[in-house]
Amino acid sequence: MRFVSLLFATAITLSPLVAIAQTANQGGPLIDYGTRFIPEIAAKGMVSGPEKLASEAGLSMLKRGGNAVDAAVATGFALAVTLPRAGNLAGGGFMLVHLAKTDEQVFIDYREMAPASASRDMFLNEDGTVNKQMAYNSPSAAGIPGTVAGMIHALENYGALDLKTVIQPAIELAEQGFKVPAALHLNLRAATQRLARNEEANRIYLSGTGTAPAMGSLFKQPDLAATLRRIRDNGTDGFYKGKTAALIVEEMQRNGGLITRSDLASYRAIERQPVRSMFRGYELVSAPPPSSGGIHVSQILTLLEPFPLKELGHNSAGYLHVLIEAMKLAYADRSEYLGDPDRTAIPMTKLTSEVYLSTRRAMIKSDRATPSSDIRPGTFDDAESTETTHYSVADQYGNVVSNTYTINFSFGSGIVVPGTGMLLNNEMDDFAAKPGTPNGYGLVQGEANAVSAGSRPLSSMTPTLVFRDGKPWIATGSPGGSRIITAVAQTLLNVMAFDMTLGMATSAPRIHHQWMPDVAMVEPGISPDTVKLLEGSNHKIFRSNSTIGRVNSVQIEDGWFYGYADPRRPGGHVATW
Ligand code: GLY
């Protein structure tokens, strides 16, 4: 079947304003009453996130005169209490901020770092195979945490309120407790086996009995409250030095982890230049290495730009064919070129250039899937020297924040550092434990991302801002490990190429392909007829019962804020003012 004429480029026009601007403004937001998946709407500010109490904690900062950074930091600390699956103090992430006053964007890298004694083969058994238990579930799986440094860096440089104020809601939630919502109960129920293996995790999350707390029961975390109070009183030193640092190091020494006092004391958040790209007149600003997110979202969108996407039809076999092929090409490059930019020369400009991508685009056949084994990472003429969480915030002053942070797997390594109430990340598995061998997300990665002391493991986290006519328009991002990139790319394509509202764009079924393994995962909701057409054209399809990403976004239109929290997981919440 011939899906699409590659030579036929659609006329490139700016999308009309989603389905919103159908009715005249009569003193309210311009939303069409008949719109499906209506977003939350606000006039003064908004936090779109994965958990209600944390979104409300962020919003409370806006209400007391704080800006979007204050709200983002308050939300980040609160999620460490209310969303232990992914919210964290002992993980890392990326925060992308649009500053209204200077009209610039700041990207804060607070990714975890490999300890000084980490080494390339540290996760290999004697026979050369990867020791998954060690890479996923042991203290050695933990990178030096970056979250506290990142949150405080953001606050001190771009916030308006002080640390005592923004961390207070988190302290209260941990100290006074909160009623276990359905989402937390379900998360814990799904993770009981893993958490029960660690005495401290079992004590805190499973009442020492191996069972999840009942929905509606009061959940207090006094150790975590004390850890938060030490941060409140001493800033970064309250985490990277003193009692918390000592407790982390004790756990490492007791159970064979690598993080030392000096690793902790030397950790710093870093500001980097974000990745910038254009798609049909919109400017995308997104995550640079050590995330692969911005580069590969940009590659996927640029590869698809000349195709008549809307004419092919959203989630039609023709559209999904070119989308899958673009994903494969992008992830093949990821496997070869991406790593910590402070250790590896990454040909960023080349990877996202139209000249390079036009040669890659030419590899997309109109009627058949190209097997992944036939796709190699691209070459250049010259060398240039799952579980995570995302929230988006916008304030009345024009500032916008897109933040994704993680402890990697759901509940990280499953190990709570005794006395701190906090779960350790297992982010070291985002390195290639053995280049060429799949990691926990099935990602095949190369030498550029081998374990190396002091490096930051390659990430897929993709906090992104889209600008229209030079003004911030959308803040978005997602959890989902390797699926983050494809979830964000599809959400953006849905809005920018298919003119969907944020609600439609977020809710629409997604697909995912990551080059290796050579299989496209499709969410329920993609038509069986479409799947058959794809299979008839050589695509290998995995009909998944699970979902791809969880996109929480804010859109700013005509002075109004529109927010949408992905319904793929329970508990998402848009706090509005
Ligand atoms: N831990 C998932 C990621 O950073 O991509």
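Values below: all heavy atoms of this structure, side chains included; hydrogens, waters and symmetry mates excluded. Counting starts at 1 for both ligands and their atoms, in listed order.
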Quick one: list whatever passes ring pair (Phe, Tyr, Trp, His ring centres under 6.0 Å) with F107, sequence neighbours left out.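 Result, ring pair (Phe, Tyr, Trp, His ring centres under 6.0 Å) vs F107: F94.
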Going by the rule ring pair (Phe, Tyr, Trp, His ring centres under 6.0 Å), which residues pair with F77 if we only count those two or more places apart in sequence or in a different chain? none
Per-atom filter on ligand 1: closer than 4.0 angstrom to a heavy atom of S460 are 3 (C), 4 (O), 5 (O)
I'd like to check which ligand 1 atoms, numbered from 1 as shown, lie under 4.0 Å from a non-hydrogen atom of M461.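 Within the 4.0 Å cut-off of M461, ligand 1 contributes 4 (O), 5 (O).
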Under 3.5 Å between any N/O of R111 and any N/O of ligand 1: does that happen in this structure?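 Yes, there is a polar N/O contact under 3.5 Å.
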To the closest 0.5 Å, what do you measure between CE (M327) and CD1 (I485)?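 Going from the CE atom of M327 to the CD1 atom of I485 covers 10.0 Å.
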Starting at CZ of R456, measure out to CG of D342 and round the result to the nearest 0.5 Å.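 It is 7.0 Å, given to the nearest 0.5 Å.
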